[in-house]
Protein chains: 4
Amino acid sequence: MRQRIRSYATSAYCETILDAAERLFVESGYHEARMSDLARAAGVSVGTLYKYFPSKERVFGSLVLRGRDEFLASMRREATEGLPEDRVLGVVRTALDSVERRGGLFALYVQVGALTESDIRRAGGEEAEAGYLEYLDLLRHALTDAVEAGVVRRDVPVDLLVGAIAGAVNIRIFAWVKSERKEPLAAHAEKVVQVFLEGARSR
Amino acid sequence: MRQRIRSYATSAYCETILDAAERLFVESGYHEARMSDLARAAGVSVGTLYKYFPSKERVFGSLVLRGRDEFLASMRREATEGLPEDRVLGVVRTALDSVERRGGLFALYVQVGALTESDIRRAGGEEAEAGYLEYLDLLRHALTDAVEAGVVRRDVPVDLLVGAIAGAVNIRIFAWVKSERKEPLAAHAEKVVQVFLEGARSR
Amino acid sequence: MRQRIRSYATSAYCETILDAAERLFVESGYHEARMSDLARAAGVSVGTLYKYFPSKERVFGSLVLRGRDEFLASMRREATEGLPEDRVLGVVRTALDSVERRGGLFALYVQVGALTESDIRRAGGEEAEAGYLEYLDLLRHALTDAVEAGVVRRDVPVDLLVGAIAGAVNIRIFAWVKSERKEPLAAHAEKVVQVFLEGARSR
Amino acid sequence: MRQRIRSYATSAYCETILDAAERLFVESGYHEARMSDLARAAGVSVGTLYKYFPSKERVFGSLVLRGRDEFLASMRREATEGLPEDRVLGVVRTALDSVERRGGLFALYVQVGALTESDIRRAGGEEAEAGYLEYLDLLRHALTDAVEAGVVRRDVPVDLLVGAIAGAVNIRIFAWVKSERKEPLAAHAEKVVQVFLEGARSR
DNA sequence: AATGAATGAGAGTTCATTCAT
DNA sequence: GATGAATGAACTCTCATTCAT
C-alpha cells in the first residue's frame, strides 16, 4: 500500500515533469531550455528533477520514449486490422490524430530525426529513430498488403509509395506545427490518402 | 544589411569560413560545434571569425542565407519556364539536384525549419523559413499553372497537392541524408512526380 | 553546551550515529561522506540525524569531542600516578593503546590537527586542538617531573623533549594508520620511550 | 623565440596560479577554496585557470608535485654527501629549511598524508605519499650509513630510529605551522638531532 | 517521534566573445 | 589585419538541510 502510493507519486512526478518538458522543449528547444526553467515549468525544484531523471539528456530521452510508445501502440492496431485498403487510411488517420493529441511532441520527434547533434541523438535519437522506422514499416506493411490485395499498383517500388504517403503526412504535421497547432489536423487524413491513391492528374 | 551581405560575399575569408561551417554544423550540429572548432576547420583564428561575423548565430544565419539564395535561384527558373506539366517535375528535379550538390546544407535547412529553438530561429530561422515558403510558393505556382492548363485535377485544394509533392520530396531527402548522402538523389525525381500525378491506386 | 553533550551522551541514537560517523568519516573522509550515507550507515533516517545533531559539522565536532574526552581521561591517570620515570612510558603506552582501541579516530584527530579548513576547524578543530594541547601538556608535566626527579636531562628545553617524544609517537601512529591498522601498536611503547631516553648514539 | 616567450608565459602563469593555490589551500583548505577564489587570488579569470589546469584536483596535484620535487632534490644531496654522522643533521636541516622557505606547503603535504579523502588522494595523494616515503627512505639510508660507520647504535631497528627523528622533525613543523610560520624553524635542526642522538636521559 | 522526498544555494566547468600584441 | 590567450556569465548537477506526513 505504502509502495503503491510511493510508486503512484513517483509516476505522477515523472509525468508532470515530462509534460512540462514536452511543452518547454517544444517551445524553446532542447538547448535553450534550462533545467531551472524546467523545474519552474513543472512546479518542482531542480533537485526533484534530478531525483527522477539523472540528467537533462535522460529527460529528453524519456520524453521521446514515452511518445514513441503511445504513438506506436495505436498505430499497430490500425496497420493490422480491417480491410487492406482501409489500413493505409487507418495508419494515416491515427498518426495525425496521435500527433494532434500529443501536441508538439512530434516536432521534437522530427527534430531528433533530422538532427545530427550527437548529444541529443545519444539521449533520444536512437529511440526516436527506431520509432520512426517502425512507423514507416507499419506503412510499408499496410501498403504491401494493399498491393497484394490488388488495390494498389504493382509497378512502383513500395518504398517510393511509403515515401509519398509519409511525406504528405509529414508536411501536414509541419504545417500544423507552424500554425501553432491551432487548426484541426486529423481531419486531413481522408484527403491526404485520397490524393495519394488517386494522384494529382486530372481525369 | 544587403550591402554587408554583399561585402561578406566578396570576401574569400567569408566563403572559406562558411564552407567550413557548413561541414562542421552538419557534422556536429550547431550547439556541439564550438567557435574554436570552426576556426580550426576554416584554417583561421577565432579573431578572424569575429572579424567577418559578429556572432556564432550570424555565421549560421549567413550559411542558411547563402544556401537559400543558391537554392531559390535555380528553382525560380524551373518554375516559370517550359510547359506547365513539366514545371512540377522541373522544380522537384532542381530541388533534389540542389540538395544533392550542396551536400548537407539541407540537413541544416530542415533542422532550422523543424526547430523551435529561439536562438537559432533568430539566427537563420526566419530567413530559412522565408526560403522554404518561397519554395512551396514556387511549387504552388507551378501546380496552379498546371491546374489552369488542365493537366492537374481541380477538385482538390492546391495546398493539399503542394503538401503531397513537397512531402514526397522531403522524405526522399531525409532518406538520402540518413544514408549519409551516398545514394543518388536527383535520379528519383521522375518517379516521385509520376506517383504524385498518377496516384498509388492500381488501375 | 555541556548539558547538551550530556543529553547527547545519554541517547542511544547519538552513540549509534557517532559510531557510524566515526567509521564513515575515517573511511571516506569528511567531505566525501554524505549525510544520507551517514543515515544509512547508522540505520536511521536523515531526519533523525538532524534531530540529534544540528549539522554535519556538529556531528564531526561531537565525534572529536567524544574521542578527546575518552583519550584524555585515561591519559590523565597515567601522567599523575606512579614513579616519575615511569610516567612518560605510561603516557606513551596509554596514548598508543587508546589510539589502537579507538580505531581510526586518531586519523580524524590528526586530520583536524593538521587541517586548516576553516569549516572543519570550526566544527571540531578547536576542541581537538585543545585536546592535543592538553595531551602535550600531560607529556610536559610528566617530563618536568622526571627532570625534577633527576632522571631526565636538564640541559635541553623541556619543549624540545616533548616534541621529540610526541613526534616519535605520532610517527608510530601514522605508520599504523597507513598499515590500515592491522599491526599491533601499543606494543611499540617501550622501544619508543627507550630510544627517546637513551638516544640513537652508539655507546 | 615565439615559442620560448610562449612557454615562458605559460610557465609564469602556472607558477602564479600554483603560488596562489598554495596560499589559498593552506589558508582555507582544499574544499573550502573555490575556483573563483583561486582565480581572484591569482589575479586571473576562472577561464584562465582552466586553460592551464584541467580541474581543481589537478591544481592540487601539481602543487603537491612541484613541492615534492623541490623538497626531494635538496634532500637527496644532503643524504648522500659528507660524513655519515653529519648526514642525518643535513637531512633534518634541509627538511626544516625547505619547509620554512616553502611556507605552508608542508601543511598540505601532511594533510594529504593524513587524509583519507579519496578525491584528494587521487589528485595528489599518491605523489605526496611517494615523496614522503622517499624522504623517510633518505633518512633511513643516512641512518643505515651511520650505523655502519659505528656512530649510531645497532641494537634498535633502524625503522624505529627513522620514526624517532622523523617524528621529532614533524612535530617541529606542526608547531611552526600552528604558530602561523612566524618563528624560525631551521634553527631547531641541531638541537633536534642532538636530543635524538644523545637521548633524554640525564647523565 | 521518525521518515525521506523536496528544496535551492552554490559548486565546478565550458565556451562565445574580446582585445592586447 | 590576424592572432589566440584571457575573460566571466551561465550552464548542469550535488547535497546539506527542511518539513509535511
Side-chain angles (χ1 to χ4, degrees), chain A residues 2 5-6 9-10 12-13 17 31-40 42-59 119, chain B residues 11 13 30-40 42-60 119, chain C residues 11 13 30-40 42-60 119, chain D residues 2 5-6 9-10 12-13 17 31-40 42-59 119:
Chain A
R2 264 265 154 120
I5 291 171
R6 181 60 38 80
T10 291
Y13 264 112
I17 291 168
H31 280 102
E32 190 90 339
R34 305 202 269 309
M35 287 303 263
S36 54
D37 295 337
L38 176 52
R40 186 166 35 260
V44 300
S45 71
V46 178
T48 300
L49 245 42
Y50 281 89
K51 180 144 192 22
Y52 292 98
F53 299 92
S55 69
K56 188 182 179 185
E57 282 190 14
R58 292 288 297 268
V59 174
D119 57 345
Chain B
S11 161
Y13 267 117
Y30 178 80
H31 281 101
E32 192 94 333
R34 303 200 280 301
M35 287 303 263
S36 55
D37 294 338
L38 177 52
R40 185 166 40 260
V44 300
S45 71
V46 180
T48 301
L49 244 43
Y50 279 87
K51 181 116 194 57
Y52 292 98
F53 299 93
S55 71
K56 189 183 180 184
E57 285 188 13
R58 293 292 298 268
V59 173
F60 188 81
D119 58 342
Chain C
S11 160
Y13 268 116
Y30 178 80
H31 279 100
E32 192 94 336
R34 303 199 282 301
M35 286 302 263
S36 56
D37 294 337
L38 177 51
R40 187 169 34 261
V44 300
S45 71
V46 180
T48 302
L49 244 43
Y50 280 87
K51 181 115 194 57
Y52 291 98
F53 299 93
S55 70
K56 189 182 180 184
E57 285 187 14
R58 292 292 297 269
V59 174
F60 187 82
D119 57 343
Chain D
R2 266 266 156 120
I5 292 172
R6 181 59 39 83
T10 291
Y13 263 111
I17 290 168
H31 281 100
E32 190 91 339
R34 305 202 270 310
M35 287 302 263
S36 56
D37 294 337
L38 177 52
R40 185 165 38 259
V44 300
S45 71
V46 179
T48 301
L49 246 42
Y50 281 89
K51 181 144 193 26
Y52 292 99
F53 299 93
S55 69
K56 189 181 180 186
E57 282 190 13
R58 293 288 297 267
V59 174
D119 57 344

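Hydrogens, waters and symmetry mates play no part in the numbers below; they use all other heavy atoms, side chains included. From a predicted model like this one, the values you see are computed outputs, not experimental measurements.
Closest heavy-atom contact between C:S36 and C:V46: CA-CG2, 4.2 Å. In this structure, B:E32 and B:D37 approach most closely via the heavy-atom pair O-OD2, 4.3 Å.
Taking NZ of D:K51 as the start and OG of D:S45 as the end, the distance is 11.0 Å to the nearest 0.5 Å. Here the CZ-CZ distance, from C:R40 to C:R34, works out to 8.0 Å after rounding to the nearest 0.5 Å. Once rounded to the nearest 0.5 Å, the distance linking CD1 of A:I17 with CG of A:L49 reads 5.0 Å.
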Problem set entry | Bracket string, DNA chain F, 5' to 3' - pairs by Watson-Crick or G-U geometry under 3.5 Å, | interstrand | .||||||||||||||||||||
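Side chain of C:K56 to main chain of C:Y30: a donor-acceptor pair is present (N/O by atom type, distance under 3.5 Å, no hydrogens or angles).
Considering only the side chain of A:S45, E:dA6 comes nearest among F:dG8, E:dA6, F:dA16.
Between the CG atom of D:D37 and the P atom of F:dG8 there is a distance of 15 Å, rounded to whole Å. Regarding D:E32, its CD atom lies at a distance of 13 Å from the P atom of E:dG10, rounded to whole Å. Rounded to a whole Å, the CG atom of B:L38 is 12 Å from the P atom of E:dT17. The CG atom of B:L49 sits 13 Å away from the C1' atom of E:dC15 (whole-angstrom rounding). Put simply, NE2 on D:H31 is 15 Å from P on F:dT14, counting in whole angstrom units. Separating the CZ atom of B:R58 from the P atom of E:dT17 is a distance of 12 Å, rounded to the nearest angstrom. Taking atom CZ of A:F53 as the reference point, atom C1' of E:dA5 lies 16 Å away to the nearest angstrom. Rounded to whole Å, the distance from OH on D:Y52 to P on F:dG4 is 14 Å.
Between B:Y13 and F:dA2 there is a side-chain polar atom (N or O) within less than 4.0 angstrom of OP1 or OP2. Phosphate proximity of F:dT3 to B:T48: present, with a side-chain N or O under 4.0 Å from OP1 or OP2. Listed pair C:K56 / F:dA16 meets the phosphate criterion, a side-chain N or O lying under 4.0 Å from OP1 or OP2. Side-chain N/O atoms of A:K51 include one lying less than 4.0 angstrom from OP1 or OP2 on E:dA5.
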Any protein N or O atoms within reach of nucleotides 18-21 of chain E? Criterion: under 3.5 Å, listing atom names and distances.
none

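Both A:V44 and C:V44 lie close to DNA chain E; mapped to their nearest nucleotides by heavy-atom distance, the more 5′-ward contact belongs to C:V44. Residue whose closest nucleotide on DNA chain F sits further toward the 5' end, between A:R34 and C:A33: A:R34. If you find the closest nucleotide of DNA chain F to C:S55 and to B:G43, the one lying nearer the 5' end belongs to B:G43.
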